[in-house]
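Atoms within a ligand are numbered from 1 in the order they appear, just like the ligands themselves. Numbers here are sequence positions counted from 1.
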Amino acid sequence: MNTTIVAPATAMVEQPIGIIRISGPKASRIAGKLIGKTEMTPRQVYVSGISTQHFVDQAVVIFFQAPYSFTGEDVVELQMHGNPHLINRVVFECIKLGAVMANPGEFSQRAYLNGKLSLVQVEAVADLIHAKSEKAALSASKSMSGAFCKVIRQLQSDMMALRVEVEATIDFDEDDIPTLGLDVLHKKLAILIQEISTNLSVAKSGVLLAKCPEVVLVGKPNVGKSTLMNELCGSSVSIITEHAGTTRDLITRDIICNGVALRLTDTAGLRAAYDPAEQEGIERAKKVLTDADLVLHLSTEDELLPIQANVPVWRVRTKIDLGDIQSQGADFSISVKTGAGISALKSALSGFVEGAQSQEVPFSARQRHIDALERVHEVLVALSDQVEHLDMLADALAQSHHYLGQIIGETTPDDVLGEIFSQFCIGK
Ligand SMILES: Nc1nc2c(c(=O)[nH]1)N(C=O)[C@@H](CNc1ccc(C(=O)N[C@@H](CCC(=O)O)C(=O)O)cc1)CN2
Ligand SMILES: Nc1nc2c(ncn2[C@@H]2O[C@H](COP(=O)(O)OP(=O)(O)OP(=O)(O)O)[C@@H](O)[C@H]2O)c(=O)[nH]1
Ligand SMILES: [Mg+2]
């Protein structure tokens with residue numbers, strides 16, 4: 001980390017002001033050369049001409065001295081007029097003077113590596129920048145300020161405390177373990193699991209708030225999934241035939257339903273298939289179910305397929321124009337042919353999205369965090385009725401602690417870190 005990095009911090013478009021950021025040991029020397037100063041006082045605002053070979057622009061310049069900067073290194077900001085050509089020229093002059101072009105997310109990466117921000121805070125900064133609504137931006141802002149990080153650290157410390165108690169109980173002779181001790185462990189583990197599941201559901205609403213909700217149509221072949229898809233899209237995006245097994249690929253469209261945006265996916269009908277293309281389509285359908293926010297399970301009969309989904313599943317009885325079908329237990333009954341029930345289904349869909357996006361969320365989160373919390377939940381639930389296996393419980397708590405560490409960046413593997421930072425924009 002001895003290099004000095006440089007990048008525009010603002011978009012390369014014509015705009016009133018454009019900012020260049022330089023971070024690293026040579027930052028003040030490079031900026032000093034540009035503005036003709038040998039020495040810069042930290043935190044002082046300079047209004048100065050910038051010259052490369054000729055005068056380029058008048059700028060506002062600020063020097064943040066390590067460790068008191070965004071990255072924790074020496075940082076200089078050059079606030080220029082926002083012309084992309086001028087900004088480019090100054091960036092290249094910085095490179096001539098010894099800086100290197102920053103990789104995407106490298107400023108944030110350095111802030112993380114220097115302990116200025118935890119991994120979730122860094123992710124929240126990126127989510128804040130890309131938030132698609134004010135509510136999403138405000139919840140990302142809470143995570144950026146440390147709300148989510150605090151929750152994870154609290155869970156870790158509760159886990160650690162319980163582990164200490166488990167280890168203490170292990171020290172008893174096997175026949176001597178007081179039953180009262182096991183009861184207490186059982187209760188404390190249940191409280192911990194409850195805490196995790198509460199935060200898991202907050203994290204899920206945080207994720208939902210930030211993205212376009214994904215709604216997936218599933219069911220047996222020929223029940224009318226593609227017909228409903230086309231109806232909701234208002235165009236013929238999926239092929240419809242009277243034969244079962246028509247759809248194979250996933251067909252996804254972003255639609256506006258009663259004024260709200262959602263992402264709809266049509267899938268292959270689920271059945272025991274022999275055709276390899278259909279089999280692959282069914283595998284894809286099953287996979288997309290696990291990423292969905294809402295599943296519409298279509299059927300023409302009472303008996304439903306067992307659907308593996310951790311999200312709400314609405315049962316939709318289709319083709320109700322075909323005679324005296326009793327719609328027992330269905331949440332919605334529709335016929336695309338006659339239009340019956342379609343507007344009720346649309347209202348419910350838009351209501352679902354609005355409900356998901358109107359909640360105040362105490363922190364924003366990403367799918368990666370949810371995966372980790374779910375893993376922890378699973379590991380602990382598996383042991384909740386066998387606390388007497390103390391060694392296993394102690395191991396599970398240690399492992400859970402480690403998984404939580406992956407969320408905040410304590411124990412995150414390098415490839416995951418690389419992946420996270422590479423998704424950032426240049427200059428962030
Ligand atoms: N011009 C400018 N505006 C910006 C940023 C920036 O880097 N530059 N930010 C970039 O994301 C955000 C503000 N976040 C920042 C976070 C920390 C520090 C910083 O210098 N921290 C030091 C000193 C803290 C202090 O003086 O209180 C530190 O943490 O030691 C600067 C900006 C949004 N606005
Ligand atoms: N009578 C009636 N027929 C319908 C209705 N909806 C769909 N159909 C018919 O049912 C047949 C199958 O419809 P699809 O939409 O292709 O069914 P699917 O569930 O996508 O089928 P796969 O792609 O094979 O899984 C077609 O002939 C449609 O015209 C309806 O509401 N009423
Ligand atoms: Mg189909």
(request) Quick one: look at S335 and ligand 2, take heavy-atom pairs under 4.0 Å, and tell me if it's side chain, backbone, both or neither. (result) both
(message) How far is atom 17 (O) of ligand 2 from the closest protein heavy atom, and which atom is that?
(response) G224 N, 3.2 Å
(request) May I ask you to check whether I334 has an N/O atom sitting below 3.5 Å from an N/O atom of ligand 2? (result) no
(message) Working to the nearest 0.5 angstrom, can you tell me the gap between T318 OG1 and K225 NZ?
(response) 9.0 Å
(request) Give the atoms of ligand 2, by number and element, whose distance to some non-hydrogen atom of A244 is under 4.0 Å. (result) 24 (O)
(message) Tell me whether I240 has any N or O atom under 3.5 angstrom from an N or O of ligand 2.
(response) no
(request) Could you grab the distance from atom OG of S333 to atom CZ of R315, nearest 0.5 Å is fine? (result) 10.5 Å
(request) Decide if atom NZ of K188 counts as having more than 12 heavy atoms of other residues, nucleotides or ligands within a radius under 6.0 Å. (result) no
(message) With a sphere of 6.0 Å drawn around CD of E14, does it hold more than 12 non-hydrogen atoms of other residues, nucleotides or ligands?
(response) no
(message) Would you say that more than 12 heavy atoms from the other residues, nucleotides or ligands in this model lie under 6.0 Å from the CZ of F55, or not?
(response) yes
(message) I'd like to know if the side chain of T411 and the backbone of Q406 have a donor-acceptor N/O pair within less than 3.5 Å.
(response) yes
(request) Could you check which of L228, N230, N222 puts a non-hydrogen atom nearest to atom 21 (O) of ligand 2? (result) N222
(request) Name the orientation class of the two ring planes belonging to W314 and F332 (parallel below 30°, tilted from 30 to 60°, perpendicular beyond 60°). (result) tilted
(message) Under 2.8 Å from the Mg ion (ligand 3), which protein N, O or S atoms do you find? Ignore water molecules.
(response) S226 OG, T247 OG1
(request) Identify the residue among L162, V164, D158 that makes a side-chain contact (heavy atoms from CB on, under 4.5 Å) with L397. (result) L162
Pairs of donor and acceptor atoms involving the side chains of residues 213-221, under 3.5 Å and at least two apart or interchain, shall be tabulated with distances.
| from | atom 1 | to | atom 2 | distance (Å) |
| --- | --- | --- | --- | --- |
| K220 | NZ | E301 | OE2 | 2.6 |

(message) V336 versus ligand 2: do any nitrogen or oxygen atoms come within less than 3.5 Å of each other?
(response) yes
(request) Identify, by atom number and element, the atoms of ligand 2 in contact range of D321, meaning under 4.0 Å from any of its heavy atoms. (result) 1 (N), 2 (C), 30 (C), 31 (O), 32 (N)
(message) Can you confirm, on distance only, whether ligand 2 has an N/O atom lying under 3.5 Å from any N/O atom belonging to V223?
(response) yes
(request) Run the numbers on E93 and K96 for salt bridge (Lys or Arg N to Asp or Glu O under 4.0 Å), then give the verdict. (result) CA-CA 5 Å; E93 192 63 23; K96 266 204 243 160; 3.5 Å; yes
(message) With the threshold set at under 4.0 angstrom, would you say T241 reaches ligand 2 through any of its heavy atoms?
(response) yes
(message) For atom 3 (N) of ligand 2, which of the options K225, E242, K319 provides the nearest non-hydrogen atom?
(response) K319
(request) For E134, look at atom CD and say whether over 12 heavy atoms of other residues, nucleotides or ligands are found less than 6.0 Å away. (result) no
(message) Is there a polar contact, in the sense of an N or O pair closer than 3.5 Å, between T247 and ligand 2?
(response) yes
(request) Identify, by atom number and element, the atoms of ligand 2 in contact range of T227, meaning under 4.0 Å from any of its heavy atoms. (result) 6 (N), 7 (C), 13 (O), 14 (P), 15 (O), 28 (C)
(request) Check the pair E39, T41 against side-chain contact (heavy atoms from CB on, under 4.5 Å), reporting the backbone distance first and the verdict last. (result) CA-CA 7 Å; E39 209 49 41; T41 310; over 6 Å; no
(request) Report the C-alpha separation of F363 and N199 in whole Å, then their side-chain angles, then the decisive distance to 0.1 Å, and conclude whether the side-chain contact (heavy atoms from CB on, under 4.5 Å) test is met. (result) CA-CA 10 Å; F363 52 80; N199 285 299; 4.0 Å; yes
Could you pull out every donor-acceptor pair under 3.5 Å between side chains of residues 339-351 and any protein atom, sequence neighbours left out?
| from | atom 1 | to | atom 2 | distance (Å) |
| --- | --- | --- | --- | --- |
| S347 | OG | S343 | O | 2.9 |
| S350 | OG | N258 | ND2 | 3.3 |
| S350 | OG | K346 | O | 3.2 |
| S350 | OG | S347 | O | 3.1 |

(request) Would you check whether P221 has a nitrogen or oxygen atom less than 3.5 angstrom from a nitrogen or oxygen atom of ligand 2? (result) no
(message) Between S238 and T247, does the side chain to side chain donor-acceptor pair (under 3.5 Å) criterion hold? Intermediate values first, please.
(response) CA-CA 7 Å; S238 286; T247 307; 5.3 Å; no
(message) Can you confirm, on distance only, whether ligand 2 has an N/O atom lying under 3.5 Å from any N/O atom belonging to T267?
(response) no
(request) Taking atom CD1 of I239 as the centre, report whether more than 12 heavy atoms of other residues, nucleotides or ligands fall under 6.0 Å from it. (result) no
(request) With heavy atoms of L322 as the reference, note each atom of ligand 2 found under 4.0 Å away. (result) 1 (N)
Hey, what polar pairs (N/O, under 3.5 Å) does ligand 1 make with protein?
| from | atom 1 | to | atom 2 | distance (Å) |
| --- | --- | --- | --- | --- |
| ligand 1 | 1 (N) | E77 | OE1 | 2.8 |
| ligand 1 | 1 (N) | E77 | OE2 | 3.4 |
| ligand 1 | 7 (O) | R21 | NH1 | 2.9 |
| ligand 1 | 7 (O) | E77 | OE2 | 3.4 |
| ligand 1 | 8 (N) | E77 | OE2 | 2.5 |
| ligand 1 | 11 (O) | K428 | NZ | 3.2 |
| ligand 1 | 20 (O) | F70 | N | 3.4 |
| ligand 1 | 26 (O) | R43 | NH1 | 3.2 |
| ligand 1 | 26 (O) | R43 | NH2 | 2.9 |
| ligand 1 | 29 (O) | K116 | NZ | 3.3 |
| ligand 1 | 30 (O) | K116 | NZ | 2.6 |

(request) From atom 24 (O) of ligand 2, work out which of G269, S238, G245 has a heavy atom at the shortest distance. (result) G245
(request) Begin from the C-alpha positions of Y112 and L417 and carry the test side-chain contact (heavy atoms from CB on, under 4.5 Å) through to its verdict. (result) CA-CA 10 Å; Y112 162 67; L417 286 177; 3.9 Å; yes
(message) Atom CD of residue position Q279 - does it have more than 12 heavy atoms of other residues, nucleotides or ligands inside 6.0 Å?
(response) yes
